[in-house]
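To keep things clear, I will list the structure first and then write my remarks on it.
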There are 2 protein chains.
Amino acid sequence: MTEACSKPMLQALRGKSVSPAPVWLMRQAGRYLPEYRELRAKAGGFLDLCLTPEYAAEVTLQPIRRFGFDGAILFSDILVVPWALGRALRFEEGQGPVLEPLQSEDLRKLRQEGLTDRVAPVLEALDRVKTALPETTTMIGFAGAPWTVASYMIEGGASKEFLKVKSWALGRPEEFQTLIGILIDATVAYLSAQVAAGAEVLQIFDSWMGSLSETEAERWSLAPLSRIVEELKVRHPQVPIILFPRGAGLGYTHFAETSGADGLSLDTTVPLSFAKTLQKAVTVQGNLDPAALVVGGKALESGVERIMATLGQGPFIFNLGHGILPDTPPEHVQRLVNHLRREAS
Amino acid sequence: MTEACSKPMLQALRGKSVSPAPVWLMRQAGRYLPEYRELRAKAGGFLDLCLTPEYAAEVTLQPIRRFGFDGAILFSDILVVPWALGRALRFEEGQGPVLEPLQSEDLRKLRQEGLTDRVAPVLEALDRVKTALPETTTMIGFAGAPWTVASYMIEGGASKEFLKVKSWALGRPEEFQTLIGILIDATVAYLSAQVAAGAEVLQIFDSWMGSLSETEAERWSLAPLSRIVEELKVRHPQVPIILFPRGAGLGYTHFAETSGADGLSLDTTVPLSFAKTLQKAVTVQGNLDPAALVVGGKALESGVERIMATLGQGPFIFNLGHGILPDTPPEHVQRLVNHLRREAS
């Protein structure tokens, strides 16, 4: 594919050293951009924004126009999947997502058939973005990992202790496996539909993986994610997959060695010398502290330089270690992109 | 000291393999115990409870009487230090601690002199507990680590993003170093006074260490903690020190090799095979998922057995990977203690 060869992010995910390093930022479309806040005010609720193709596409493209990122990640939310499975979902200002907490008896009511029809607006948004992208920009589709999505579904929103979902996982593991199985299938179907609509790379976010002990992490994070990667590789062998097992710590080694993923997104805490060892097996992506991007100045520069000095040679994609913070000055993002491209020239 | 020889926890911290493994649980005095809730209702606010020696001592002793733990950790709070430095502090029901957020200009107003006088009620509580302890039970004093305490002081309470404290640490590192220096001195003075009042082991909690990147973690977590250990070892060479750099991930290796601590408390995510490698350098303590103690049954049993199978031989203290949860049935705690002592007999 000649097209792919001109896309730095795809090259990096195929194991090449690319200079300047491809760059995109988690949550690059969002509240730190005035043009986002303007459109958000028009769109109504957050879920309306995600499910109105015209808006979702426009919001996705805003940071691409401003900064020329190498990857465009579809503006959406990982909770589109439970919503499409029939769970009530709303986003409350300042509180985040609210779902009706899933009970055992709700399991058989989850609407697995027709899921891709219900996410049609998301797929249409993706298609619109793809058509409008510069030819060097890679279209990134995404979904939440089963453990993280199950956590939201059972807890009914964000959680600190994860006691409800862990009570289920530890106390009724067979039943919890049923839910995880449903989420594996739904995630494969959803991501596969995103590829059909134009996604060239898929990233799967296991944001709450860091709440689990080693044994539970292998069972509820690594195993389901490996299964999803396997299924997707059968259907779309050419589409690279990035996993983000946030907080995996030493578990990153297992993910690099056994998950089958092409790339691993590293959280802020991952030591760079350790990250370098992972580059033998996978492309690594990360991991600037989002706070350094808010602070700017020397903190930003030295943070970027340390990362580039250690990881810049390997197969590497520059990113943050977590989503961009709403307080981030857009000028700092511009400075980051300029810095990466200037240093390499 | 013949006394020390009869205390399993002190033996383990001197590098011995002890059977049955000594056991205590973080937050073992607390809301999951009906006798705690009863006394709490009488005491008024949470801070009143901490600062009334009679109450603090009684609450500390409650779980010792019930379960015969090998360690008694003083019932108190890590925010006693900023309070003693002159910062306003209150605890709001369901919200946690609230402090007046520290500004640059407040730095020189921190009241360093006379700190140990102001914490006299805490020291008196410790003295009362020590007198009442069974002779095999080790008295544990504790404090928060500079990074974690500074986070609370600057953020004004618990935080998700740590943006205020990181803006300070990344943007004005020299000034932030001044605060960290004050907290190092205050912590050494506070812990030293606890030893004088009867503490036989000291544990320092860096609960928010997992928010930092590698470089910042070395500067703001490992370096200050190593300094505190060094100072305390000069004053009290016989008192073992346990550090809890929660979320350190791979950073645990640095703590084991360079901090000078006798013991490391491991959070829930630390893989057991990795923990075993740390036992060459330090005594490890941990790391059962607190949720497993709530769930009980097989989840509890297999969790305990996995930990004991891997770490039980080395210098080891059984504990949780994080504080006990308020929903924990006291019967499960009893079962855990019985299990550990039965298996060893």
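Residue numbering restarts at 1 for every chain, and letters A, B, ... go by the order of the sequence lines.
Using bins of under 30°, 30° to 60° and over 60° for the plane-to-plane angle, the ring pair A:F244/A:F205 lands in the perpendicular bin.
Looking at A:K166, both its backbone and its side chain come within 4.5 Å of chain B, counting heavy atoms on both sides. Interface residue B:L272: backbone and side-chain heavy atoms are both found under 4.5 Å from chain A. Only the side chain of A:D327 comes within contact range of chain B, with at least one heavy atom under 4.5 Å from a heavy atom of that chain. With a threshold of 4.5 angstrom between heavy atoms, A:L288 does not approach chain B through any atom at all.
Ranked by heavy-atom pairs shorter than 4.5 Å toward chain A, the options B:N287, B:D267, B:T269, B:L250 are led by B:L250. For chain A, the option among B:S273, B:G321, B:G249, B:S167 with the highest count of heavy-atom pairs below 4.5 Å is B:S167. Contact count against chain A (heavy-atom pairs under 4.5 Å) is highest for B:P271 among B:A291, B:G247, B:P271.
With hydrogens and angles ignored, the 3.5 Å screen pairs no side-chain donor or acceptor of B:T148 with any backbone N or O of B:A145.
Applying a 4.5 Å heavy-atom cutoff, the residues of residues 206-226 of chain B that approach chain A are B:G210, B:S211, B:L212, B:S213, B:E214, B:T215, B:E216.
Under 3.5 Å, the side chains of A:S104 and A:R172 contain a donor-acceptor pair of N or O atoms.
Contact of the A:V294 side chain with the A:Y32 side chain is not registered, since no non-hydrogen atoms from C-beta on lie closer than 4.5 Å. Contact annotation: the side chain of B:L311 never approaches that of B:F318 to less than 4.5 Å [non-hydrogen atoms, C-beta and beyond].
Between B:L79 and B:P97, the closest heavy-atom pair is CD1-CB, 3.3 Å.
Within 6.0 Å of atom CD in A:E93, 12 or fewer heavy atoms from other residues, nucleotides or ligands are found, so the atom counts as exposed in its surroundings.
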